[in-house]
Amino acid sequence: MASAPALTHSSISSGLGKRVLAGAAGGLAGGIVFGMLMAMMGMLAMIASMVGSSSAVVGFGVHLMISVLIGLGLTVLFGNRLLTGYRRGALVGLGYGII
């Protein structure tokens, strides 16, 4: 039978992984929503210029990477209460993208 500390450690690490994935999913969800707005405003080429390109597709990719980083940052700040699952993470990310 597993000892109590081993069970506690596995439940903590799986909870942390779940929150990190929820934060990344939330960042992607918010990034897609906001990326569509940026595409309509023609700003993706400006984002692509950060990596030396002028392609809107590259700009969208860079924007999504930044969005995932912001989603992970939100996980650090609010992960214990808000981001308890993938669905909630996506909803928080959509809210972030709309705001």
- Task: Identify the heavy atoms of A48 and S55 that sit nearest to each other, and give their distance.
- Result: CB-O, 3.1 Å
- Message: I need the L28 CG to I70 CD1 distance, nearest 0.5 Å.
- Response: 11.5 Å
- For the student: nearest non-hydrogen atoms of A45 and S54, plus distance: CB-O, 3.7 Å
Mind listing the side-chain donor-acceptor pairs of residues 59-66 below 3.5 Å, one per line with the distance, residues two or more places apart or on another chain?
residue : atom : partner : partner atom : Å
H63     : NE2  : G31     : O            : 3.0
H63     : NE2  : G35     : N            : 3.4

- Can you hop from M50 to V57 via hydrophobic side chains spaced under 4.5 Å? no
- A39 to L44 - nearest heavy-atom pair and separation: CB-CD1, 3.7 Å
- Hphob cluster co-occupancy, L69 + V33, side-chain heavy atoms under 4.5 angstrom: no
